[in-house]
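Here is the naming used below: chain letters follow the sequence lines, and residue numbers restart at 1 for every chain. In what follows, every heavy atom counts, from backbone to side chain, and hydrogens, waters and symmetry copies are set aside.
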Amino acid sequence: MNIELFLAETISTQVNQLFDLTTVPTDIILQKTKKEFEGDYTLVTFPFIKAAKLTPEKTGELIGDAILKANPVITKFNIVKGFLNVSLANTFWVSEFKSIAGTKDYGVKQALSSGKQIMLEYSSPNTNKPLHLGHIRNNLLGYSVASILKTQGHDVVKVNIINDRGIHICKSMLAWQLFGNGETPQSSGLKGDHLVGKYYVEFDKAYKKEIQTLIETGKTKEEAEKQAPLIIQAQEMLLKWEANDTKTIDLWKTMNGWVYEGFDVTYKMLGVDFDKLYYESNTYILGKSVVQEGLIKGVFYKKDNGSICIDLTNEGLDEKVVLRSDGTSVYITQDLGTAIERFKEFPKLSQMIYTVGNEQDYHFKVLFKILEKLGYAWAKECFHLSYGMVELPEGKMKSREGTVVDADEMIHEMVQTARKTTEELGKVDGFSEHELQDLYMTIGMGALKYFILKVDPKKKMLFDPKESIDFNGHTGPFIQYSHARIQSILRKSGIDISAISINDDIELHDKEKELIKHQYDFVKALEESATTLNPAIVANYIYDLTKVFNQFYNECPILKEENVAIKNFRIMLIVTTSSIIKNGMLCLGIDVPDRM
RNA sequence: GGUCCCGUAGCUCAGCUGGAUAGAGCAACAGCCUUCUAAGCUGUGGGCCAUUGGUUCGAAUCCAAUCGGGGUCACCA
């Protein structure tokens with residue numbers, strides 16, 4: 001039941017009668033009563049004082065009296081200045097709770113029930129270097145948003161487009177050829193993606209040295225950057241790759257293979273997955289025909305030098321090249337082609353979400369605008385899920401310069417910290433060695449994932465490697481711990497939950513009522529999280545719920561409660577709390593243990 | 001320079017579809033375990049919500065300007 005709307009109906013009717021207005025329930029805005037005041041919901045009466053021609057207090061008085069008579073659920077009210085605080089009957093809250101307890105996976109809609117299919121692209125790695133903390137944010141965000149959309153009954157297609165070709169990959173390949181001495185993941189013991197990344201850094205070092213030497217012979221920096229032998233060789237390699245040169249392709253396949261093996265490990269640790277993989281080596285040709293089409297339609301035009309452009313200056317954007325004068329694609333060409341391909345491949349698709357950093361805001365504005373101009377109606381259903389960069393205290397992370405927080409290292413450290421903390425707390429009794437490994441993984445990743453997802457995606461976030469991620473307070477482990485606590489009580493209760501029936505006229509403790517109210521809000525939190533594509537809303541919601549649970553836990557005995565009706569009610573209360581915590585954390589891709 | 005985003009406690013973040021005394025966590029200090037897991041709970045201190053002006057009965061929230069930080073404006077991806 002939508003409580004606000006239910007109350008709004010009563011208020012709307014009464015206000016219309018009292019002051020001769022024509023409000024509808026959705027005009028009536030109710031908010032939760034602040035803790036310092038008595039009541040459940042608050043109506044701000046200022047908007048009505050003009051029509052009432054009375055003071056805010058008198059207006060509130062009139063409305064309060066009227067709704068009290070009209071709706072038996074309302075038991076009393078009080079007025080503070082322009083605020084009408086309304087209290088609802090205890091039995092009402094108990095019955096609300098019964099409906100929550102009676103709903104399996106409360107707040108989560110049935111799979112595929114919305115009939116809406118959404119494609120969500122995320123991860124999109126380059127195959128020349130290992131993943132870092134910035135990629136972690138992308139992966140966790142993408143996976144989490146997909147999970148949240150699923151709770152709304154949408155059919156979510158998770159896709160990953162792998163940038164497996166281009167000059168950056170040739171750089172790694174070239175450096176490996178020159179300096180690698182046949183090194184392999186097996187021979188070096190290095191994870192494949194790290195091995196390839198190592199040569200990407202090697203390339204950059206050697207390249208910089210060459211530039212320095214050239215500058216010393218009197219070249220400008222720009223000249224040196226273009227004329228350095230290494231970059232010329234890399235470009236030649238790219239041409240060979242495009243010409244399908246067997247040896248180049250073989251090397252490319254081998255090294256990319258190493259990277260994929262490495263990525264698979266990292267993805268597995270992160271707990272992310274995909275329904276479909278795209279490779280740029282297959283898609284980079286796409287879009288060329290689209291450009292021809294657009295040329296005929298007059299959307300694009302050919303410049304004197306042979307390049308094909310679009311003029312978006314009327315849209316507040318710039319002139320943009322969509323095909324080079326030599327006929328090769330630019331970045332946006334293949335994005336155009338890929339988007340069109342996808343909507344052909346998935347004809348039911350109603351939305352396309354790209355999880356990409358905010359440094360590409362402009363690019364996506366241009367992309368969507370071009371698609372619109374080409375006449376694709378679905379262009380307005382394309383959305384750039386833009387997220388802020390993860391920055392270090394000294395600024396942006398740069399792979400080439402090695403100033404990155406490596407994803408694998410980060411994960412390893414989190415798991416180690418989880419182990420250390422658990423051991424220090426002496427909570428390892430009764431676990432097998434295997435169970436402990438799982439537990440450390442769950443807690444360590446829980447801390448990392450929550451740390452990243454609790455922040456609004458749009459905002460850039462700061463990570464200081466010197467300050468370790470906390471396990472106390474507003475954190476993943478705090479929520480996991482609370483879940484484990486509940487499970488522990490339920491284990492000890494020995495009660496068959498399905499046999500419990502709830503007494504309607506139970507006297508509610510403040511914290512019990514607060515818990516019910518918070519549980520009720522889960523639906524709204526999920527919905528809002530889904531419409532705004534913002535996992536932080538669920539993350540912060542679950543924290544609030546958990547916080548209230550812990551207060552309740554401290555004030556209200558459960559198993560030791562002597563009154564059986566109250567005891568049973570409290571057991572049900574923690575059952576539903578536990579279920580919401582679990583489903584909410586699932587939306588963040590975080591597991592909750594039964595013991596810790 | 002054009003354009004977009006951001007600026008809330010020492011630090012990391014909530015709050016932003018306008019509403020009551022701006023909230024958490026961390027850090028600091030003081031309490032609470034013979035009683036359901038102390039990864040917890042309770043309390044104390046800490047704020048010209050960047051600045052100025054405007055709209056409004058009412059502004060952290062909306063608008064404008066200014067200052068500060070960042071992104072972007074490639075025939076790179």
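- Residue A:K34 places none of its side-chain N or O atoms closer than 4.0 Å to OP1 or OP2 of B:U21.
- Proximity note for A:Y362 (side chain, C-beta onward) versus B:G19, B:U72, B:A77: the nearest is B:U72.
- For A:N540, the listed nucleotide lying nearest its side chain is B:A14; candidates were B:A14, B:C36, B:G40.
- Contact check, A:K547 against B:G25: a side-chain N or O comes under 4.0 Å of OP1 or OP2.
- In terms of phosphate contacts, A:K459 brings a side-chain nitrogen or oxygen within less than 4.0 Å of OP1 or OP2 of B:G7.
- Nearest-nucleotide positions on RNA chain B for A:E359 and A:E280 put A:E359 closer to the 5' end.
- Between B:A24 and B:G45, the distance separating the two P atoms is 13 Å to the nearest Å.
- RNA chain B is contacted by both A:F37 and A:L462; A:L462 maps to the nucleotide lying nearer its 5′ end (nearest heavy atom per residue).
- Side-chain polar atoms of A:D335 and A:H363 form a donor-acceptor pair below 3.5 angstrom.
- A 3.5 Å limit on both hydrogen-bonding distances identifies B:G2 as the Watson-Crick or G-U partner of B:U72.
- One C1' atom belongs to B:G46, the other to B:A27, and the distance between them is 11 Å to the nearest Å.
- Considering only the side chain of A:D470, B:C26 comes nearest among B:C26, B:C36, B:C13.
- Listed pair A:Y331 / B:A74 fails the phosphate criterion, with no side-chain N or O lying under 4.0 Å from OP1 or OP2.
- Remark: the separation of the P atoms in B:U12 and B:C4 is 27 Å, to the nearest Å.
- Both the sub-6.0 Å distance and the 45° axial angle are satisfied by A:R165 relative to the ring of A:Y284.
- Taking atom NZ of residue A:K35 and atom C1' of nucleotide B:A24, one finds them 11 Å apart after rounding to whole Å.
- Nearest nucleotide to the A:V44 side chain, out of B:U42, B:G40, B:G19: B:G19.
- Contact annotation: A:R485 reaches the phosphate of B:A38 (side-chain N/O to OP1 or OP2, under 4.0 Å).
- Rounded to an integer number of Å, the gap from A:L439 CG to B:A39 P is 13 Å.
- For A:Y543, the side-chain atoms get nearest to B:A24 when compared with the rest of B:A24, B:C4, B:A77.
- Judged by atom type and distance alone, A:T475 does not reach the base of B:A39 through any side-chain donor-acceptor pair under 3.5 Å.
- Between the side chains of A:S12 and A:T23, at least one donor-acceptor pair of N or O atoms lies under 3.5 Å.
- For A:E555 and B:U42, the CD to P distance is 8 Å, given to the nearest whole Å.
- Of the nucleotides present, B:U42 is the one that pairs with B:A30 by Watson-Crick or G-U wobble criteria, both distances under 3.5 Å.
- Side-chain contact annotation: A:T42 with A:T33, donor-acceptor N/O pair under 3.5 Å present.
- Summarising the base pairing, B:C11 is matched to B:G25 through a Watson-Crick or G-U wobble pair whose two defining distances lie under 3.5 Å.
- Residues A:F383 and A:F364 place their aromatic rings such that the two centres sit no closer than 6.0 Å.
- Stacking between A:F83 and B:A20 is shown: the ring centroid lies under 5.5 Å from the centre of the six-membered base ring, and the planes differ by under 30°.
- Computed from coordinates, the A:Y450 OH to B:U12 C1' distance equals 13 Å when rounded to whole Å.
- Side chain A:T422 to base B:A39: a donor-acceptor pair is found below 3.5 Å.
- Distance from the side chain of A:F471 is smallest for B:A39 among the nucleotides B:A39, B:G19, B:C36.
- Using modelled atom types and a 3.5 Å distance limit, the side chains of A:H474 and A:Y450 yield a donor-acceptor pair.
- In this structure the side chain of A:L174 reaches within 4.5 angstrom of the side chain of A:Q233, judged on heavy atoms.
- Rounded to a whole Å, the CG atom of A:L367 is 17 Å from the C1' atom of B:C73.
- As rounded to whole Å, 11 Å separates atom P of B:C16 from atom CG of A:N534.
- The A:M461 side chain lies nearest to B:C13 when the options are B:C13, B:G19, B:C36.
- Using modelled atom types, one finds no donor on one side chain facing an acceptor on the other under 3.5 Å when comparing A:D470 with A:T475.
- Checking B:A20 for Watson-Crick or G-U wobble geometry (two distances, each under 3.5 Å) identifies no partner in any strand.
- In this entry the base of B:C33 is syn relative to its sugar, with a glycosidic angle within 90° of 0.
- A distance of about 8 Å separates the C1' atoms of B:G47 and B:U8, rounded to the whole Å.
- Contact between the side-chain N/O atoms of A:Q360 and the OP1/OP2 oxygens of B:A77 is not found at any separation under 4.0 Å.
- Here B:C62 sits opposite B:G54 as a Watson-Crick or G-U wobble pair (both hydrogen-bonding atom distances under 3.5 Å).
- When each of B:A20, B:A39, B:C36 is scored by its nearest atom to the side-chain atoms of A:N85, the top-ranked nucleotide is B:A20.
- Of the candidates B:C13, B:G19, B:C41, the closest approach to any side-chain atom of A:F46 belongs to B:G19.
- The distance from atom NZ of A:K454 to atom C1' of B:C11 is 12 Å, rounded to the nearest whole Å.
- In this structure, A:N472 does not reach the B:G25 phosphate: none of its side-chain N or O atoms is under 4.0 Å from OP1 or OP2.
- Side-chain proximity of A:K460 to B:U21, B:C73, B:G70: nearest is B:G70.
- The interatomic distance linking A:E315 (CD) with B:C73 (P) rounds to 19 Å, in whole Å.
- The gap from the P atom of B:A22 to that of B:A28 amounts to 27 Å, rounded to the nearest Å.
- Judged purely by distance below 3.5 Å, without hydrogens or angles, the side chains of A:N160 and A:Y278 never pair a donor atom with an acceptor atom.
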